[in-house]
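Presented below is the structure to which this report refers.
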Amino acid sequence: MYSAECPGAPRSMTGMARAYPVVEIEAAWQEQWLTSGLYEVDNDDPRQKFYALCMYPYPSGSAHQGHVRNYTFGDLVVRYQTMRGFAVLSPFGFDSFGLPAENAAIKTGSHPREFTDARIEELRESVRHLGAVYDWRREVRSHDPTYMRWTQTIFLKLMEQGLVYRKMAPVNWCPGCNTVLANEQVLGDGTCERSGDLVERRDLEQWFFKITEYADELLEGLDDLEWPERVKTMQRNWIGRSEGAMIDLVVDGRPDLAVRVFTTRPDTSFGMTYAVLAPEHPLVDELTTAEQRGAVDELRERVAGASDIERTSSEGGPLTKRGAFTGSYVTNPFTDAPVPLYVADYVLMGYGTGAIMAVPAEDDRDFAFATAYGLPIIRTTEPEGGLPDDFDSAYTGDGIKVNSGFLDGLGVIEAKATAIRWLEDKGHGHGTVNYRLRDWLVSRQRFWGCPIPIIHCPDCGIVPVPADQLPVVAPDDVEFTPSGQSPLATHEGFVNVACPRCAKAARRETDTMDTFVDSSWYFLRFTDPFSPDAPFSPEAAAHWMPVDQYIGGIEHAILHLLYARFFTKALIDVGLAPGVSREPFRSLFTQGMIRMDGSKMSKSKGNLVAPTKYYESVGADGLRLFHLFVGPPADDFDWTEQTDQVIEGCGRFLDRLWRLTTTSYASRPGGATSDEDLEVRRAVHRAIKKVTDDLDRWSYNTAVAQLMELVNHLQRYVRSEVGPAQGVLDEAIDALLLLLAPMAPHVPAELYQRRHGLHIHEEAWPSYDPVLVQAETTTMVVQILGKVRDRIEVDSAISEDEAAALALSSEKIIAELDGRVPSRVISRPPKLVNLVL
RNA sequence: GCCCGGAUGGCGGAAUCGGCAGACGCGGGGGCCUCAAAAGCCCCUGUCCUUACGGGCGUGCGGGUUCGAGUCCCGCUCCGGGCACCA
């Protein structure tokens, strides 16, 4: 491929001499892969499909080490599965809407599109320098109008099918920036990351997706996925399914009015000594008596102004300031006793019904509150060993019900079921399932996102933008001011529009969609990115989906992966994706983070080590090998002062391989086979098996180690006294190059081309001879009481008895035993015999 | 507070099913080559005792199971991550 005469030993920037011209060879092959179309697959490809995908990146400019790691793993999978004979779909795209472009626009005055397009160009270029291969024809970009059109179409389709709605919701409002912030933009201390102002909570009309309608399926679907357990657990916790009961507490003196509470512990109902409303609960006003109005209003005012962070922090103030008595009482239906109704900030409007029955004896928070307010505490669960005389904390464990009327004597589980049956019989409530998962708030008061395709008409109300007017694209003639307010909201030409229904003057929706919407269906678009009249053809999507191997960072463990799963199911249900697998990502791999000085390596931390310099010293191959070799792919990696030396070591390995392959060795006369020949052949076939197994189980570091061992072995072989046999050496080197090809693609491609005139990446993955993998003889360890006393070379197929006999006849063992007779002989042929005295 | 991970030489890590702990690499030491250096090549490199041969100890800590434990069980310590008034 690289055709120049060998220019001797080129010197890299780090001053190390390389055995081969790194930059020229890598550039030539990258050009070849880009133009040859080898990794472009068509939808009617007859080979079995394999969909490999790395999470599409936000285009932040040139690739950093996190990208390199990600795409090295991804490219390995693509090239490996291609060699194994699959039609591998390997697309690339850009998650190109998002705040950094808008912030840059505010700073420099440039349009976010120009900024983004330039960053995309940089990232695409540096990904190519890595030698990673994609079907670039399929590239998608979130901000591309042809993509936006379908994002908006999907929004409207979901709305039409009742999965989108609008309601008032509290948002993070920055008074300095005069806009709403995403949660990620609010710092830990509750201030705005840009202006430093204290973020407030405000209620605004917001758009939502009904992800909660899929809560159960999102939960149950996790069981069958080949995902890291950690990620599944995080999603389960996020969904937060809990079984319990709704109970209606009738207000004293108001038989028509009840406070509905949710509890997971209906078995503790007899211990309810008060009830609590969230400060935002709609019944607070009505149920607060004149005498208590002052205290309640004071509490509500304080809570309303506080951010979530303030409200839930442990510095929320003394407990006595956290609640207020409403003056009203509700009836505990189990005891018919009236209990006081409080308002308290520890009850959240966003979970359950925004109201609770409080059982201080069996709930930590209720216990703390009851203690502070002098409320009674009645224990209803007797732990094993009986009730203690006094106690200073709630008891939340298992036990036998006491003080609980008809529940007395039952265990917690039976008592729950009995209490729910009783509630349902008496009409006081019912069993239910509650989720922590909230509907997905998708509106953002931002410019650089996909506009929500809605028109607000004074007469017709909310009107979808007609399909033939999509996509709604943000205007170019906008000015970004430091206020941070989206210029969309004040752009007359954009906002003013005729109602598509009645033609009267109407206003466009100026909110844009959360960028997680764009990333919730891009993997479907990849299957059919040219489709002119649908987001994708259902046939193409059904063919390629699910993604067989999805690779990305653990930081997307919850949101992106949950939203994408929801979207896939929803798109199927609204008829856009019939026949598509309901779970989009069959197997997920989450790579470890690269850290430096304890924190994540990132642009914002300013601790990037650019890959560029390594492209010139050890090449993309060397850098890729380093990322594969340095440790388990799933583990975090600490970048230190020593890291450059490890990378250089990977470069040296490639040098040795190059010299080994390009040096001519004197053919051994006579053609007789030596022991060394057989040993080399065995080592080769063992390596094929080991590397194949390792690649299949994501143990890339040991796969690289295995190849290093093989090179070391071959190096000894060619320098050995008898010298190498050409046929043996050729078989070994070919296998070595084939095994290395998915990991470090350039050098093996170049060497294979020179050897055979063939493209290594079009070759089949090597297979091994099981006979050669099985060694003829093995070193058997003989232990006395678990301590190694002798090693004997034995036939691998040795029997239990033979092994034992051999061990007992060993001179060393006889001497060591010194006449003692083993009471037991543990024989585990062919590896070990252990003698017990 | 709750839920997950993890702890092995000077360092990154290996040991896939309970069977030789430390593969592979980095770093370090010694040697060869060279006028010299770089590069390359060879040998050594857990720790303690021993001139040697050889032996003792050793996978965060304390117990246990087993002929045998880095690996399994029980109880801790420390580190990392996620969730966090979720009723």
Side-chain angles (χ1 to χ4, degrees), chain A residues 9 11 15-19 228-234 236-238 240 242 244 261-265 268 276 278 311-314 316 322 344-348 350-359 362-366 368-369 434-438 554-555 557-558 593 595 598 625-626 629-632 634-638 640-650 652-653 655-656 659 690 693-694 697 699 701-712 715-716 719 779-788 791 822-828 831-837:
Chain A
R11 227 153 250 280
M16 301 294 180
R18 283 275 89 88
E229 231 15 80
R230 189 160 62 120
V231 175
K232 292 203 229 180
T233 304
M234 282 162 76
R236 286 191 189 106
N237 292 342
W238 188 261
S242 49
V261 298
F262 173 73
T263 179
T264 56
R265 292 293 302 275
T268 64
V276 188
R311 178 168 165 180
T312 59
S313 79
S314 48
R322 303 189 56 187
D345 67 354
Y346 80 93
V347 174
L348 306 175
Y351 185 77
T353 60
I356 62 158
M357 67 174 211
V359 185
E362 273 110 23
D363 182 278
D364 292 320
R365 297 148 304 178
D366 295 347
F369 191 85
N434 197 50
Y435 298 90
R436 207 190 77 106
L437 182 69
R438 306 259 58 87
I554 187 78
E555 66 272 20
I558 299 177
M593 275 191 327
R595 284 189 310 222
L625 221 40
F626 155 76
F629 178 64
V630 75
D635 287 6
D636 286 353
F637 169 73
D638 278 306
T640 67
E641 312 80 57
Q642 287 180 35
T643 300
D644 270 7
Q645 291 167 326
V646 179
I647 296 172
E648 190 53 39
C650 291
R652 278 200 294 270
F653 165 73
D655 285 340
R656 282 196 290 273
R659 283 191 294 265
K690 170 77 174 157
D693 290 349
D694 283 354
R697 68 185 179 107
S699 185
N701 50 333
T702 55
V704 175
Q706 182 63 40
L707 294 182
M708 288 175 169
E709 260 185 89
L710 186 57
V711 166
N712 292 345
Q715 224 164 19
R716 284 196 303 276
R719 289 180 187 135
T779 307
M780 183 176 80
V781 169
V782 185
Q783 298 179 330
I784 295 175
L785 287 170
K787 289 198 189 302
V788 181
R791 291 165 221 272
S823 61
R824 244 182 108 180
V825 179
I826 316 273
S827 186
R828 294 282 177 276
K831 293 181 92 172
L832 171 138
V833 171
N834 188 15
L835 307 176
V836 185
L837 294 173

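Because the structure is a prediction, the values reported are computed rather than measured. As a basis for the values below, the full set of heavy atoms in this structure was taken, side chains included, without hydrogen atoms, waters or symmetry mates. Lettering of chains follows the sequences in order, A, B, ..., and the numbering in each one begins at 1.
- Taking the syn range as angles within 90° of 0, the glycosidic angle of rC17(B) is syn.
- Each of Gln783(A) and Arg436(A) was assigned the nucleotide of RNA chain B with the nearest heavy atom; the assignment lying further toward the 5' end belongs to Gln783(A).
- Closest to the side chain of Phe629(A), out of rG19(B), rG12(B), rA14(B), is rG12(B).
- Between Asp694(A) and Lys690(A), at least one side-chain nitrogen of the basic residue sits less than 4.0 Å from a carboxylate oxygen of the acidic one, meeting the salt-bridge criterion.
- At a threshold of 4.0 angstrom between heavy atoms, the contacts of Gly240(A) with the nucleic acid are absent.
- You'll find that the side chain of Asn712(A) is closest to rC24(B), out of rA14(B), rC24(B), rA87(B).
- Using P as the reference atom, rC33(B) and rC42(B) are 15 Å apart when rounded to the nearest Å.
- Within 4.0 Å (heavy atoms only), Asp694(A) reaches at least one base atom of the nucleic acid.
- Comparing rC20(B), rC24(B), rA87(B) against the side chain of Val788(A) picks out rC20(B) as the nearest.
- Nearest to the side chain of Arg791(A), among rG10(B), rA14(B), rC20(B), sits rC20(B).
- The C1' atoms of rC17(B) and rG13(B) are separated by 22 Å, rounded to the nearest whole Å.
- For Arg659(A), the listed nucleotide lying nearest its side chain is rG40(B); candidates were rG40(B), rC42(B), rC26(B).
- Side-chain atoms of Phe262(A) lie closest to rA87(B) of the nucleotides rA23(B), rA87(B), rG19(B).
- Between the side chain of Arg230(A) and the base of rG5(B) there is no donor-acceptor pair of N/O atoms closer than 3.5 Å.
- If you check rA52(B) for Watson-Crick or wobble pairing at under 3.5 angstrom, you find it has no partner at all.
- Residue contacts for Arg697(A): at a heavy-atom cut-off of 4.0 Å it reaches a base atom on one of the strands shown.
- Nucleotide rC33(B) forms no Watson-Crick or G-U wobble pair with any nucleotide shown, as no partner meets the under 3.5 Å limit on both distances.
- Taking atom CZ of Phe626(A) as the reference point, atom C1' of rG13(B) lies 12 Å away to the nearest angstrom.
- Here rG9(B) is in the syn range [glycosidic angle within 90° of 0].
- Comment: Arg716(A) does not engage Glu709(A) in a salt bridge, judged by the lack of any side-chain N to carboxylate O separation of less than 4.0 angstrom.
- Of all heavy-atom pairs between Arg656(A) and Asn712(A), the closest is NE-OD1, 4.4 Å.
- Across all strands shown, rA69(B) forms no Watson-Crick or G-U wobble pair with both distances under 3.5 Å.
- Judged by Watson-Crick or G-U wobble contacts below 3.5 Å, the nucleotide rC20(B) has no partner.
- Counting only heavy atoms from C-beta on, Asn237(A) has its side chain closest to rC3(B) among rC3(B), rA87(B), rC24(B).
- Rounding to whole angstrom units, CE of residue Met708(A) and P of rG13(B) are separated by 15 Å.
- In this structure, Cys650(A) and Gly631(A) both approach RNA chain B, and ranking their closest nucleotides by distance from the 5' end singles out Gly631(A).
- Relative to the side chain of Glu709(A), the nucleotides rA87(B), rC24(B), rC67(B) differ in distance, and rC24(B) lies closest.
- Nucleotide rG80(B): paired with rC4(B) (Watson-Crick or G-U wobble, both distances less than 3.5 Å).
- Of the P atoms belonging to rG46(B) and rG25(B), the separation is 15 Å, rounded to the nearest Å.
- Here rC26(B) presents its C1' atom at 16 Å from CZ of Phe653(A), a figure rounded to the nearest Å.
- Look at OH on Tyr346(A): it is 8 Å from C1' on rA87(B), rounded to the nearest Å.
- Taking every side-chain heavy atom of Arg595(A) into account, rG80(B) is the closest of rC67(B), rA87(B), rG80(B).
- The gap from the C1' atom of rG9(B) to that of rU47(B) amounts to 9 Å, rounded to the nearest Å.
- The base-pairing partner of rC61(B), taking Watson-Crick or G-U wobble contacts with both distances under 3.5 Å, is rG75(B).
- The distance from atom CZ of Arg656(A) to atom P of rA39(B) is 13 Å, rounded to the nearest whole Å.
- Spacing between atom CG of Leu625(A) and atom P of rC26(B) amounts to 12 Å, rounded to whole angstrom units.
- OP1 or OP2 of rC26(B) sits under 4.0 Å from a side-chain N or O of Arg652(A).
- As judged by a 4.0 angstrom heavy-atom cut-off over every strand, Val781(A) is placed among the base-contacting residues.
- Between Asn834(A) and rU66(B), a side-chain N or O to OP1/OP2 separation shorter than 4.0 Å is absent.
- Note on ring orientation: taking the six-membered ring where Trp is involved, the planes of Tyr351(A) and Phe262(A) are perpendicular (angle over 60°, cut-offs 30° and 60°).
- Residue Lys787(A) places no side-chain N or O under 4.0 Å from the OP1 or OP2 atom of rG54(B).
- By the 4.5 Å heavy-atom criterion applied to side chains, Leu832(A) and Gln783(A) are counted as neighbours.
- Looking at Met357(A) and Thr268(A), their side chains come closer than 4.5 Å, going by heavy atoms from C-beta outward.
- Ring centroids of Phe626(A) and Phe653(A) are separated by 6.0 Å or more, keeping the two rings apart.
- Closest to the side chain of Gln642(A), from the set rC26(B), rC41(B), rG12(B), is rC26(B).
- With rounding to whole Å, Arg828(A) atom CZ is found 11 Å from rU66(B) atom C1'.
- For the pair Arg18(A) and Asp655(A), the minimum side-chain heavy-atom distance is below 4.5 Å.
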